[in-house]
Novice: 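Have a look at this one.
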There are 2 protein chains.
Amino acid sequence: MVKIEEAIQQKEFKDPFNKAVVNLLYTHSYFVTNQNSLFKPYGISPEQYNVLRILRGQNGVPTTVSSIQDRMLNKMSNASRLVEKLKIKELVKRSECPNDRRQVDVLITEKGLKILAELQAKVEEENRNFIHLSSEEVNLLNDLLDKLRG
Amino acid sequence: MVKIEEAIQQKEFKDPFNKAVVNLLYTHSYFVTNQNSLFKPYGISPEQYNVLRILRGQNGVPTTVSSIQDRMLNKMSNASRLVEKLKIKELVKRSECPNDRRQVDVLITEKGLKILAELQAKVEEENRNFIHLSSEEVNLLNDLLDKLRG
DNA sequence: TACTTTTACATGTATATACATTAAATACAT
DNA sequence: ATGTATTTAATGTATATACATGTAAAAGTA
């Protein structure tokens with residue numbers, strides 16, 4: 001086990017809270033580095049994958065850009081531009097919302113569903129293998145993270 | 001307490017491991033959003049702050065770009081460009097390493113140390129307040145994150 | 001010495017985040 | 001009905017990540 005002090009060559013932290021912030025940032029980087037290499041062969045980014053997952057979760061019901069934004073992991077990301085990227089790759093369709101012309105309905109295409117299906121098993125297996133914790137420990141981690149955010 | 005399912009409006013996860021990945025990504029975003037607003041008034045980014053902290057930790061000993069890179073939280077970030085940004089703001093000095101002309105020695109300036117000193121107390125307090133856990137819980141979280149990475 | 005490999009840093013390009021602003025449509029108030 | 005405020009999405013710009021490539025110096029080798 002590589003403790004965070006060793007990983008970033010920092011001798012000590014002010015207190016466990018400040019250590020936890022650094023530990024979270026570092027662990028996040030550990031994940032996304034892996035995720036990026038996983039998604040790369042499929043030509044989409046982790047963020048684009050996340051948008052596709054949100055759309056599939058709608059089961060065919062069109063989703064507005066703002067609704068995608070609300071469900072994204074990073075609330076500061078830009079759903080509008082991500083949808084544009086996915087549209088270019090023909091993984092989503094965009095159409096004007098009939099009852100409110102400000103809104104834009106987004107739907108995942110067959111091609112998008114196919115890529116998701118191909119990736120899903122791989123991603124899920126990788127996620128399991130990447131977390132070196134027991135089921136009990138990972139449940140505890142989830143509870144702590146939920147509580148942490150208040 | 002807002003559980004991750006509620007926060008991103010996802011009913012359920014494949015297993016606690018996949019839930020933990022999402023939970024980590026989401027909690028990371030929760031942190032950096034706050035950190036950004038904290039650093040903004042000082043004209044530096046969280047990543048630039050981290051580089052300054054690394055340099056201060058050297059206690060006046062010059063640090064090469066690659067050494068900074070090794071100590072960064074995100075191993076894929078670009079220390080060379082971050083140092084360049086800090087140099088423009090006169091928060092660091094750069095000089096050719098005398099014994100190896102490939103290397104570049106980086107030193108934090110007085111101005112850089114001053115900004116760090118101003119920010120430190122603020123950042124540390126914010127980090128404590130932002131983690132809604134007891135000391136025991138946050139210690140446990142640190143242990144779980146260290147173990148998670150294997 | 002001359003040639004090859006490696007190291008250290010810089011740079012180029014695509015993607016994404018962070019945040020401000022714009023533009024159009026809708027809702028609201030008088 | 002008209003003017004104002006709000007909502008929705010798109011866009012502009014700066015910063016950073018991700019990854020490939022370039023360039024010069026140093027190290028290693030025949």
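Residue numbering restarts at 1 for every chain, and letters A, B, ... go by the order of the sequence lines.
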Novice: Check the distance between D:dT17's P and A:Gln35's CD and give it to me in whole angstrom.
Specialist: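 Whole-Å distance recorded here is 17 Å.
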Novice: Please state how far atom CG in A:Leu91 lies from atom C1' in C:dT15, giving the value in whole angstrom units.
Specialist: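 Distance, rounded to whole Å: 15 Å.
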Novice: Report yes if some heavy atom in the side chain of B:Lys19 is under 4.5 Å from a heavy atom in the side chain of B:Gln10; otherwise report no.
Specialist: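 B:Lys19 does not reach B:Gln10 side chain to side chain.
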Novice: Under 4.5 Å between any side-chain heavy atoms of A:Gln9 and B:Ile54, yes or no?
Specialist: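 The answer is no; the side chains never approach within 4.5 Å.
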Novice: Within the 4.0 Å limit for protein heavy atoms, which parts of nucleotides 3-10 of chain C are touched? Write it as a string from 5' to 3', B for base, S for sugar-phosphate only, - for none.
Specialist: ----BSSB
Novice: In whole angstrom, what separates A:Lys85's NZ from C:dA14's P?
Specialist: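 It is 10 Å, rounded to the nearest whole Å.
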Novice: Would A:Asn34 and A:Glu126 count as a side chain to side chain donor-acceptor pair (under 3.5 Å) here? Give the steps.
Specialist: CA-CA 9 Å; A:Asn34 185 258; A:Glu126 189 77 3; 2.9 Å; yes
Novice: Looking at A:Asn74, does any N or O in its side chain come under 4.0 Å of the phosphate oxygens OP1/OP2 on C:dA18?
Specialist: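 It does, given that an N or O in the side chain of A:Asn74 lies less than 4.0 Å from OP1 or OP2 of C:dA18.
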Novice: What does B:Glu84 touch in the nucleic acid at a heavy-atom separation under 4.0 angstrom: a base, only the sugar-phosphate, or nothing?
Specialist: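 Nothing, no nucleic acid heavy atom in range.
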Novice: Verify the distance criterion only: is there a donor paired with an acceptor across the side chains of A:Lys89 and A:Gln48 at less than 3.5 Å?
Specialist: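 Yes, a side-chain donor-acceptor pair sits under 3.5 Å.
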Novice: Take A:Asn139 and A:Asn142 through the side chain to side chain donor-acceptor pair (under 3.5 Å) test and state the conclusion after the steps.
Specialist: CA-CA 5 Å; A:Asn139 280 326; A:Asn142 276 314; 4.8 Å; no
Novice: Tell me the interatomic distance from A:Arg101, atom CZ, to C:dA24, atom C1', rounded to whole angstroms.
Specialist: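 Whole-Å distance recorded here is 9 Å.
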Novice: Between C:dA18 atom C1' and B:Ile44 atom CD1, what is the distance in whole Å?
Specialist: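 In whole Å, C:dA18 C1' and B:Ile44 CD1 are 16 Å from each other.
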Novice: When the aromatic ring centroids of A:Tyr30 and A:Phe130 are compared, is their separation below 6.0 Å?
Specialist: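 Judged by ring-centre distance (under 6.0 Å), A:Tyr30 and A:Phe130 do meet the cut-off.
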Novice: Distance check needed: D:dT11 P versus A:Gln69 CD, whole Å only.
Specialist: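 Distance check: A:Gln69 CD to D:dT11 P gives 15 Å.
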Novice: Heavy atoms only: give me the nearest A:Val106-A:Val65 pair and the separation to one decimal.
Specialist: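 Nearest heavy atoms, A:Val106 then A:Val65: CG2-CG2, 4.2 Å.
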Novice: Would you indicate which nucleotide in C:dA18, D:dT17, D:dA18 comes nearest to any side-chain atom of B:Ser77?
Specialist: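 So the side chain of B:Ser77 is nearest to D:dT17.
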Novice: Expressed in angstrom and rounded to an integer, what is the separation of A:Leu82 atom CG from D:dA9 atom C1'?
Specialist: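 The answer, rounded to whole Å, is 14 Å.
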Novice: Just the rounded figure in Å: distance from P of D:dA10 to CG of A:Leu86.
Specialist: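 Computing the A:Leu86:CG to D:dA10:P distance gives 13 Å.
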